[in-house]
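Following: one structure in structure tokens, then a few remarks.
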Amino acid sequence: MLLISCPYCQETRPEIEFRNSGEAWLVRPRDPSTLNDEQWGDFLYGRSNTKGWLGERWRHVHGCGRFFNAIRHTVTDQIIMVSPSGTPRPSDSELQKLIAARESEMQAWHSGEIGFGGSAPGHDSKPSSAKTTK
Ligand SMILES: [Zn+2]
């Protein structure tokens with residue numbers, strides 16, 4: 001099960017509470033009327049179709065309802081970063097540091113340095129905050 005941390009709720013929840021809303025950090029043209037049909041079509045439908053790390057918009061539809069950004073690996077489903085909507089895309093060097101840290105965690109997990117007490121790296125093992133009822 002993919003677990004996703006909502007940057008607003010500060011909780012890690014099952015993916016069924018969320019909806020993927022496509023690629024993140026797309027920049028809308030300032031004046032669409034100046035674009036020709038091909039340029040407008042590229043904006044509307046052209047996506048990177050990345051196999052690997054990709055910035056995506058997600059919405060916590062069964063939680064706070066808010067949109068946020070995540071950097072997810074499209075093959076392994078690992079998520080290395082979530083940020084509130086409107087947060088700038090991390091620079092390439094920041095992204096490389098996050099990826100290197102995740103790969104280091106994965107190597108430690110595969111070598112047995114990290115036991116089975118938690119979940120695999122990339123799947124946040126922090127328990128979500130329990131709600132109590134009185
Ligand atoms: Zn939320």
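Only heavy atoms go into these numbers, but all of them, side chains included; no hydrogens, no water, no symmetry mates. When a ligand or atom number is given, it counts from 1 through the structure's own listing order.
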Q | D77 vs R72 side-chain heavy atoms within contact, under 4.5 Å | A | yes
**Q.** side chain to side chain donor-acceptor pair (under 3.5 Å) against E23, all qualifying residues, sequence neighbours excluded
**A.** S48
Q. Of the non-hydrogen atoms in F68 and S5, which two are nearest, and what is the gap between them?
A. CE1-O, 4.2 Å
**Q.** Charged N-O contact under 4.0 Å between E105 and R102
**A.** yes
Q: Using a cut-off of 6.0 Å, state whether more than 12 heavy atoms not belonging to N36 lie near its atom CG.
A: yes
Q: Might you work through the side chain to side chain contact (heavy atoms under 4.5 Å, CB included) test for T74 and N49, ending with a clear yes or no?
A: CA-CA 9 Å; T74 57; N49 199 24; over 6 Å; no
Q) Closer than 2.8 Å to the Zn ion (ligand 1), how many protein N/O/S atoms do you count? A) 4
